[in-house]
Protein chains: 2
Amino acid sequence: MYTLAEENYLKAIYKLSMLAENVSTNQIAAELATKASSVTDMLRKLAEKLLINYTRYQGVSLTQSGEKVAINIIRRHRLWEYFLVEKLHFKWDEVHDMAEEMEHISSTELIDRLDEFMGFPTRDPHGDLIPDSNGNFKKNDLKPISAVDVNTSGVISGVRDHSTAFLQYLEKQCLTIGKKITVKEIISYDNTVVLQMENKDLQISREVANNLLIAL
Amino acid sequence: MYTLAEENYLKAIYKLSMLAENVSTNQIAAELATKASSVTDMLRKLAEKLLINYTRYQGVSLTQSGEKVAINIIRRHRLWEYFLVEKLHFKWDEVHDMAEEMEHISSTELIDRLDEFMGFPTRDPHGDLIPDSNGNFKKNDLKPISAVDVNTSGVISGVRDHSTAFLQYLEKQCLTIGKKITVKEIISYDNTVVLQMENKDLQISREVANNLLIAL
DNA sequence: TTAATTTTTTAGACTCGTCTAAAAATACAA
DNA sequence: TTGTATTTTTAGACGAGTCTAAAAAATTAA
């Protein structure tokens with residue numbers, strides 16, 4: 001249906017759309033580790049196929065059909081991640097690259113049966129919501145730790161940075177999905193956050209607090 | 001590691017090597033539904049990478065490293081077919097195209113874990129042997145029904161034609177893997193083969209007999 | 001053994017997705 | 001508001017993989 005490159009562009013645009021309505025050429029180039037000129041070429045093609053709204057120099061947004069395709073790719077990615085962790089026992093920091101390949105397997109029937117086989121999971125191993133077969137998924141109500149008040153408690157439920165380095169750091173600190181934490185203090189000097197977890201105190205940097213999401 | 005096209009060429013050459021030592025440009029073109037000129041171009045590239053033995057106008061054979069790659073692709077293909085049928089409950093005539101895509105997922109670790117998850121199966125849903133993680137697989141001792149004598153009995157164990165049409169025909173006739181049959185007669189006029197299966201007689205054409213394999 | 005046929009290779013061109021370098025548009029700052 | 005910096009687009013090229021048309025080699029037949 002769509003080429004590998006097209007799917008990757010749509011996914012990138014979708015992801016960047018979370019942060020701002022309109023996505024710029026340079027943002028996409030950075031996300032996909034390519035050059036702005038390559039992005040411009042592809043945007044022209046995607047616009048021609050009515051997958052994005054694009055006017056020169058004005059940035060892009062997904063059309064409804066473009067969003068549908070993007071959500072579908074995300075569904076595939078997250079279901080495969082769930083499979084890799086739950087059935088093949090990979091660790092959560094090992095599965096991203098594999099799922100990145102697997103998400104391009106095209107059969108819808110395959111994905112729906114995989115979904116059923118695993119019992120229709122609602123979140124992937126990183127806490128991200130898995131869209132259902134109609135592309136619906138509830139709004140994610142998770143907040144970065146850096147955005148909650150002192151003395152707030154919550155359950156670690158997701159990450160914003162999916163890099164292996166970050167995930168391995170979390171693993172090492174036992175900051176994994178499902179753990180209950182309380183924000184004890186925010187040190188004003190450098191915004192270090194002091195957490196309480198299982199009666200132990202733990203300090204995390206502002207950056208980590210920004211990328212670690214909790215459900216209240 | 002290797003491109004999609006390279007992998008498909010190696011797989012095709014491997015398959016054709018079953019029938020004759022040296023594989024011709026035209027045979028490969030037919031197998032991959034492409035043109036002889038495209039094949040020549042690719043053969044040059046594969047030879048440069050030492051994956052095939054190739055001299056102009058003389059046909060090709062796989063080198064040891066080419067064969068290793070090909071067997072690996074086949075291992076991946078057959079394991080995914082097994083997964084699709086055994087875990088996701090697809091029918092044996094539905095899985096080929098999906099597995100054709102999935103076989104290009106590159107992680108070796110993934111395939112080995114999939115293998116383990118399914119309990120190290122030795123044959124795929126069409127009766128074909130699945131190579132182990134070292135690329136070893138026992139010689140297939142199956143014979144086409146057309147090659148056995150009258151009054152021979154055996155168990156249907158594989159096919160040479162993997163097309164949906166052929167598999168659906170077999171399904172309809174109940175000629176599926178595991179069924180015990182006896183060759184009762186070969187009608188000399190057109191080489192129609194008369195089989196006995198579960199006390200019923202059944203006639204199959206020469207062509208079907210050629211493509212249906214039994215273990216004696 | 002020469003001629004006809006088939007197979008294979010070469011030559012040149014096309015699409016996809018990418019790149020570099022340069023030009024054009026936009027945004028920002030004095 | 002005018003000039004500078006940044007962002008984005010254009011122009012032209014390249015590699016991968018494919019194609020058609022034509023040439024070269026190999027095979028088959030007379």
Side-chain angles (χ1 to χ4, degrees), chain A residues 1-17 19-62 66 69-70 73 100-101 103-104 106, chain B residues 1-17 19-62 66 69-70 73 100-101 103-104 106:
Chain A
M1 197 62 175
Y2 301 101
T3 68
L4 194 74
E6 284 169 347
E7 291 200 346
N8 285 334
Y9 273 88
L10 292 172
K11 191 169 54 129
I13 295 166
Y14 182 85
K15 185 177 167 185
L16 295 167
S17 298
L19 309 171
E21 273 309 292
N22 251 38
V23 177
S24 78
T25 302
N26 266 2
Q27 282 178 299
I28 300 170
E31 177 71 24
L32 295 175
T34 183
K35 295 300 154 77
S37 56
S38 310
V39 175
T40 301
D41 284 350
M42 182 58 92
L43 294 184
R44 213 193 314 279
K45 256 180 278 186
L46 294 175
E48 211 164 279
K49 296 189 177 182
L50 304 178
L51 294 165
I52 59 172
N53 305 114
Y54 171 56
T55 34
R56 273 154 72 255
Y57 295 102
Q58 298 312 129
V60 296
S61 61
L62 293 174
V69 175
I73 300 164
E100 202 84 339
E101 285 186 67
E103 73 192 9
H104 300 290
S106 58
Chain B
M1 196 62 173
Y2 301 101
T3 69
L4 194 75
E6 283 170 347
E7 290 200 347
N8 285 334
Y9 273 88
L10 291 172
K11 191 167 56 125
I13 295 166
Y14 182 85
K15 185 176 167 187
L16 295 167
S17 297
L19 309 171
E21 274 308 292
N22 252 38
V23 177
S24 78
T25 301
N26 265 2
Q27 282 178 299
I28 300 169
E31 178 70 24
L32 295 175
T34 183
K35 295 301 153 76
S37 55
S38 309
V39 175
T40 301
D41 284 349
M42 181 57 93
L43 294 184
R44 213 194 314 280
K45 255 180 277 188
L46 294 174
E48 211 164 278
K49 296 188 177 182
L50 305 178
L51 294 165
I52 60 172
N53 306 113
Y54 170 57
T55 34
R56 272 155 70 256
Y57 294 103
Q58 297 310 129
V60 296
S61 61
L62 294 174
V69 175
I73 299 163
E100 202 85 339
E101 286 186 65
E103 72 191 8
H104 300 291
S106 57

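What you see below is based on every heavy atom in this structure, not just the backbone, and it leaves out hydrogens, waters and symmetry mates. To find a chain, count down the sequence lines: A is the first, B the second, and so on, and within it residues start at 1.
The base of dT18(D) does not come close enough to the side chain of Ser37(B) for any donor and acceptor atom to sit less than 3.5 Å apart.
Side-chain atoms of Glu101(B) come within 3.5 Å of backbone N or O of Ser106(A) as a donor-acceptor pair. In this structure a side-chain-to-backbone donor-acceptor pair under 3.5 Å is missing from Asn8(A) to Leu32(A).
Rounding to the nearest 0.5 Å places NZ of Lys45(A) at 12.0 Å from OG1 of Thr40(A).
Rounded to a whole Å, the CZ atom of Arg56(A) is 9 Å from the C1' atom of dA24(C). dA27(C) atom P lies 12 Å from atom CG of Asn22(A), rounded to whole Å. Between the OH atom of Tyr54(A) and the C1' atom of dT10(D) there is a distance of 10 Å, rounded to whole Å. Computed from coordinates, the Gln58(A) CD to dT26(C) C1' distance equals 9 Å when rounded to whole Å. The NZ-P distance, from Lys35(A) to dA22(C), rounds to 15 Å in whole Å. Look at CG on Asn26(B): it is 18 Å from P on dA25(D), rounded to the nearest Å. If you measure from atom CG of Leu46(A) to atom P of dT9(D), you get 13 Å, rounded to the nearest angstrom. In this structure, the CD1 atom of Ile52(A) is 14 Å from the C1' atom of dT8(D), given to the nearest Å.
The pair Glu31(A)-Lys11(A) does not count as a salt bridge, with every side-chain nitrogen at least 4.0 angstrom from each carboxylate oxygen.
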Using the rule given for side chain to side chain contact (heavy atoms under 4.5 Å, CB included), can you reason through Val69(B) versus Leu62(B), listing the C-alpha separation, both sets of side-chain angles and the distance that settles it, and then say yes or no?
CA-CA 10 Å; Val69(B) 175; Leu62(B) 294 174; over 6 Å; no
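Annotation: of the two residues near DNA chain C, Tyr57(A) and Thr34(A), the 5′-most nearest-nucleotide partner is Thr34(A).
Of the side-chain N and O atoms in Thr40(B), one or more sit less than 4.0 angstrom from OP1 or OP2 of dT9(C). Close to dA16(D), at under 4.0 Å from its OP1 or OP2, lies no side-chain N or O of Lys45(B). At the phosphate of dT9(C), OP1 or OP2 sits under 4.0 Å from a side-chain N or O atom of Thr25(B).
Using a 4.0 Å heavy-atom criterion, one finds that Ala36(B) contacts the bases of the nucleic acid, with or without backbone contacts as well.
When distances are taken from the side chain of Met42(B) to each of dT10(D), dT18(D), dT8(C), the shortest belongs to dT18(D).
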